[in-house]
Asker: 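The structure is given below, and queries will be raised subsequently.
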There are 2 protein chains.
Amino acid sequence: MPNSFTPQTAGDLNYLKSLNRSTILSTVRRSPGLSRADIALETGLTKATVGSVVQTLVERGWLREGELHARGGGRPGRALYLDGERHYMLGAEVGVKGLRLVACNLVGEILASSHQEAPPADPVSTATRLAKLLNQLREAPAIAGRRCLGLGVAVPGPVSPTAPILSLAPNLGWIDVDFLALLREEPDLPDGVWLLDNEANAAAFGEFYFFEGMPPESLAYISADIGIGCGVVSGEHFPVVPRGYQGLVGEIGHTVIQPGGALCHCGNRGCAETLVSGWALRESLGLDIDDSLSASVQARAGEADVQALIQRAGEALGLLMLNLHHTLNPSMLILGGSLMWLKGPLIEPALAYFEAHQNDLLRQSQSVPIKIIEDSTFTAARGAAAQVMARAAIEV
Amino acid sequence: MPNSFTPQTAGDLNYLKSLNRSTILSTVRRSPGLSRADIALETGLTKATVGSVVQTLVERGWLREGELHARGGGRPGRALYLDGERHYMLGAEVGVKGLRLVACNLVGEILASSHQEAPPADPVSTATRLAKLLNQLREAPAIAGRRCLGLGVAVPGPVSPTAPILSLAPNLGWIDVDFLALLREEPDLPDGVWLLDNEANAAAFGEFYFFEGMPPESLAYISADIGIGCGVVSGEHFPVVPRGYQGLVGEIGHTVIQPGGALCHCGNRGCAETLVSGWALRESLGLDIDDSLSASVQARAGEADVQALIQRAGEALGLLMLNLHHTLNPSMLILGGSLMWLKGPLIEPALAYFEAHQNDLLRQSQSVPIKIIEDSTFTAARGAAAQVMARAAIEV
DNA sequence: AAGGTTAGTAAAACCTATTAACTAAGTTGA
DNA sequence: TCAACTTAGTTAATAGGTTTTACTAACCTT
């Protein structure tokens with residue numbers, strides 16, 4: 001499974017060492033500023049072990065020592081943080097409307113980014129185009145002198161769970177593309193970990209991995225764009241993105257929520273995507289793929305049928321959120337994707353529907369936090385970079 | 001997390017030893033008859049390690065040596081199997097219509113079973129009733145001389161992911177019941193691992209853990225009974241059942257598939273359970289909870305509206321299966337629960353709907369195997385026993 | 001300034017898997 | 001029939017990691 005790491009079988013002691021290293025790393029990532037003693041307490045490792053592991057991590061540029069913090073009497077502990085200065089990861093998204101790239105550091109800060117709004121053509125030329133942009137990005141002064149950990153690429157379609165291959169991208173017209181292989185043909189790209197993943201999965205992973213504050217137990221990221229996808233993540237020290245048998249985990253855009261409803265481009269009727277998606281809304285408004293949906297909607301905001309259309313789309317989104325809750329039951333929901341540019345008229349009906357239809361099962365327990373990412377231009381690209389970091393961390 | 005084990009952080013070397021022990025155990029469980037050398041090859045451990053671990057496992061009655069098998073030249077390997085003679089696990093299901101109990105061995109064979117068809121009253125008296133039945137079961141001759149690994153209890157409602165507490169069983173009228181605590185008050189029950197889980201989760205786990213032949217990567221078990229639930233399992237050596245934030249993973253009966261449809265007992269409209277469930281079908285046919293659904297349906301099989309009702313229910317089930325595929329995308333689907341007694345008239349429309357609505361995403365990849373359990377009387381109880389074994393195995 | 005408290009380090013002991021060499025037990029073929 | 005070969009499994013020494021234990025460091029309280 002080239003796209004995931006689950007430490008499930010032992011082997012040698014190296015395994016244990018690497019396990020401890022990444023456990024400590026993830027402990028600091030989840031709560032920056034812990035001291036060696038804190039880490040020992042939290043992980044169950046001894047102070048001595050933590051001390052020696054931290055030393056190597058500091059030497060290799062993954063951790064840095066921070067300020068002292070005194071707590072009552074006794075020698076104050078030395079705060080530890082992920083070192084944001086010595087490494088970077090490249091993340092890219094091949095989106096339906098263009099290419100987006102970021103370089104970010106171990107803390108998830110974007111050091112440099114670029115985007116080029118022009119739909120990808122065929123896979124080969126897109127690889128060439130992306131390679132050029134990547135090499136331009138690597139010239140950025142903020143990156144100078146850092147080591148590159150690798151490159152993650154997010155794509156708009158399911159990726160095979162057994163190999164890093166994009167199996168189908170309906171909105172690009174690509175089928176079974178080994179995009180990383182194409183990229184490898186390009187000159188001057190950096191070594192390191194190379195990963196390919198679905199755009200929603202990558203975004204979900206990034207939001208979880210670089211979560212500000214203590215991350216939830218699990219998280220679902222709904223990507224509302226041309227189509228509707230969803231990525232799921234959970235796992236304390238080793239966040240895992242379930243992919244499923246055919247890489248279709250979270251393809252909620254094609255769950256049927258209106259039997260006998262409108263015809264979807266997938267061939268079925270009543271898919272969620274026929275009610276809420278960039279594709280369906282553009283269709284209903286008579287727009288082209290290149291037209292700005294939010295601009296058009298804003299321009300026609302006064303028209304009753306446009307209002308009703310967006311309202312219905314919002315309610316369908318709320319229903320999807322509810323169904324997701326009764327199926328995957330994540331600890332947190334994040335809404336992202338270009339549809340978020342529609343703002344209140346779409347989002348408010350969605351939230352209202354979600355709130356109004358909490359049933360007995362949900363009502364009695366703590367309600368689920370919902371976060372909305374208004375501008376998710378680089379969310380997937382940064383998420384792909386996060387996946388690179390997670391993989392590199394276990395090989396430190 | 002008393003209900004799950006995920007080996008994620010290291011600690012000491014004991015951890016590693018136990019990890020290797022249960023890895024080897026699960027390797028033999030998944031492919032019975034392997035030799036020590038085979039295991040070494042498959043797990044990546046050395047022959048020496050495998051040899052010593054296998055020795056302790058044989059001594060402790062978890063593995064037994066079988067026949068020799070010669071493959072070409074060279075010394076023949078000694079086949080290894082799980083030892084079905086020295087241990088047993090107790091599994092029980094507190095169902096809406098009665099109590100079901102099994103004692104089974106490490107291979108998943110049911111050594112003894114009993115069921116008592118009378119709806120559970122309040123939690124306390126039910127615990128007393130179950131305890132009596134358990135102690136009766138333990139007198140069975142097939143169990144004599146074996147060590148009991150523990151007791152697993154399956155219940156018809158979501159279990160809190162943080163504590164072994166049944167949060168809500170709408171069909172029993174129970175709320176926040178600590179059923180294991182009640183059981184512990186009863187005399188003479190055996191020690192060992194005690195677990196509580198949702199009935200669909202337990203069934204899913206059991207079907208996965210005791211799968212005949214090589215188990216799929218992941219599996220979803222749809223429990224079609226008074227309500228509709230679903231359990232999911234995946235994980236090679238350490239199968240994991242995701243529970244979610246509030247224990248609602250797989251509560252697909254309350255996903256909405258017909259907005260504005262019939263009123264569900266949960267308060268919402270158009271839940272799947274309003275179309276396909278023992279509850280809704282009895283309602284439509286004017287039956288009591290105690291009436292046999294399958295008998296009534298068979299008696300009225302000639303009536304057109306009954307036929308249509310069952311047909312619609314089957315189609316709703318097929319739609320649920322399809323939506324599940326676009327959300328959790330398991331490698332295998334298993335259908336169980338008392339609704340399966342309705343046989344062809346329900347199942348055929350479900351399978352037909354599922355087949356007919358495979359969309360582009362599904363069509364190009366290998367289709368998903370579907371297994372139907374006609375008689376799932378003891379499936380959940382045996383699954384609960386399987387969970388006990390899995391837990392006990394990591395502490396061997 | 002002495003005593004108390006917590007943080008972190010150093011060296012030895014310990015434990016487990018590996019390595020490498022061995023024995024065991026079958027098949028093949030002259 | 002027997003030597004050569006091949007694969008299975010065991011044994012003893014080694015290596016590599018974590019822990020234990022004892023220590024030093026550094027700050028606060030009185």
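Here is the naming used below: chain letters follow the sequence lines, and residue numbers restart at 1 for every chain.
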Asker: In whole Å, I'd like the distance from the CZ atom of Arg36(A) to the P atom of dA7(C).
Answerer: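 Result: 12 Å.
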
Asker: Starting from P on dA7(C), measure out to CG on Leu34(A) and report it in whole angstrom.
Answerer: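 Rounded to whole Å, this separation is 12 Å.
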
Asker: Of the listed nucleotides (dA26(D), dG8(C), dG9(D)), which one gets closest to any side-chain atom of Pro76(A)?
Answerer: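 Nearest listed nucleotide: dA26(D).
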
Asker: Just do the salt bridge (Lys or Arg N to Asp or Glu O under 4.0 Å) check on Glu67(B) and Arg78(B) with the steps written out, would you?
Answerer: CA-CA 6 Å; Glu67(B) 80 287 355; Arg78(B) 178 67 70 177; over 6 Å; no

Asker: To the nearest angstrom, how far is His69(B) atom NE2 from dT27(C) atom C1'?
Answerer: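 Roughly 17 Å, once rounded to whole Å.
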
Asker: Quick one: is Asn20(B) getting a side-chain N or O under 4.0 Å of the dA17(C) phosphate, OP1 or OP2?
Answerer: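 So the side-chain polar atoms of Asn20(B) do come within 4.0 Å of the phosphate oxygens OP1 or OP2 of dA17(C), strictly under.
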
Asker: Give the rounded distance in Å between these two atoms: CD1 of Ile39(B) and P of dT7(D).
Answerer: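 To the nearest whole Å, that distance equals 19 Å.
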
Asker: In whole angstrom, what separates Ile24(B)'s CD1 from dA17(C)'s C1'?
Answerer: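 The distance from CD1 of Ile24(B) to C1' of dA17(C) comes to 11 Å, rounded to the nearest Å.
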
Asker: Heavy atoms under 4.0 Å, any strand shown: does Ser35(A) hit a base, just sugar-phosphate, or nothing?
Answerer: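 Sugar-phosphate, no base atom in range.
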
Asker: How close do Arg391(B) and Leu195(B) get, counting heavy atoms only, and between which atoms?
Answerer: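 Closest approach of Arg391(B) to Leu195(B): NH2-CD2, 3.6 Å.
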
Asker: Which is more 5' along DNA chain C, the nucleotide nearest Ala79(A) or the one nearest Gly74(A)? Just name the residue.
Answerer: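 The residue whose closest nucleotide sits nearer the 5' end is Gly74(A).
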
Asker: Expressed as a whole number of angstroms, how long is the span from Arg78(B):CZ to dT7(D):P?
Answerer: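 Rounding to the nearest Å, CZ of Arg78(B) and P of dT7(D) are 19 Å apart.
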
Asker: Checking all strands, does Ala48(B) fall into the base, sugar-phosphate, or nothing category for heavy-atom contacts under 4.0 angstrom?
Answerer: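 Base contact - Ala48(B) has a heavy atom under 4.0 Å of at least one base atom.
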
Asker: Let me know the distance between CD of Glu67(A) and P of dC27(D), rounded to the nearest Å.
Answerer: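 To the nearest whole Å, that distance equals 14 Å.
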
Asker: List the atom of Gln246(A), the atom of Pro161(A), and the distance in Å for their closest heavy-atom pair.
Answerer: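 Closest approach of Gln246(A) to Pro161(A), heavy atoms only: C-CD, 3.8 Å.
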
Asker: How close or far is atom C1' of dA25(C) from atom NZ of Lys47(B), stated in whole angstroms?
Answerer: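 Value for this atom pair: 13 Å.
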
Asker: Where each residue is assigned the nucleotide of DNA chain D containing its nearest heavy atom, which of Leu68(A) and Ser52(A) is assigned the position nearer the 5′ end?
Answerer: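 In this pair, the answer is Ser52(A).
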
Asker: Which nucleotide sits closest to the side chain of Thr46(A): dT19(D), dT10(D), dT18(C)?
Answerer: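 Taking heavy atoms from C-beta onward, the closest nucleotide is dT19(D).
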
Asker: Would you kindly check whether a donor in the side chain of Arg75(A) faces an acceptor in the base of dA7(C), or vice versa, at under 3.5 angstrom?
Answerer: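 For Arg75(A), whose side chain was compared with the base of dA7(C), there is a donor-acceptor pair (under 3.5 Å).
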
Asker: Using distance alone, with no hydrogens and no angle criterion, decide if Ser218(A) and Ser331(A) have a side-chain donor and acceptor under 3.5 Å apart.
Answerer: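 There is such a pair (donor and acceptor under 3.5 Å, judged by atom type) between the side chains of Ser218(A) and Ser331(A).
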
Asker: May I ask you to test the Val241(A)-Gln387(A) pair for a side-chain heavy-atom distance under 4.5 Å?
Answerer: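 Yes, close enough: below the 4.5 Å cut-off.
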
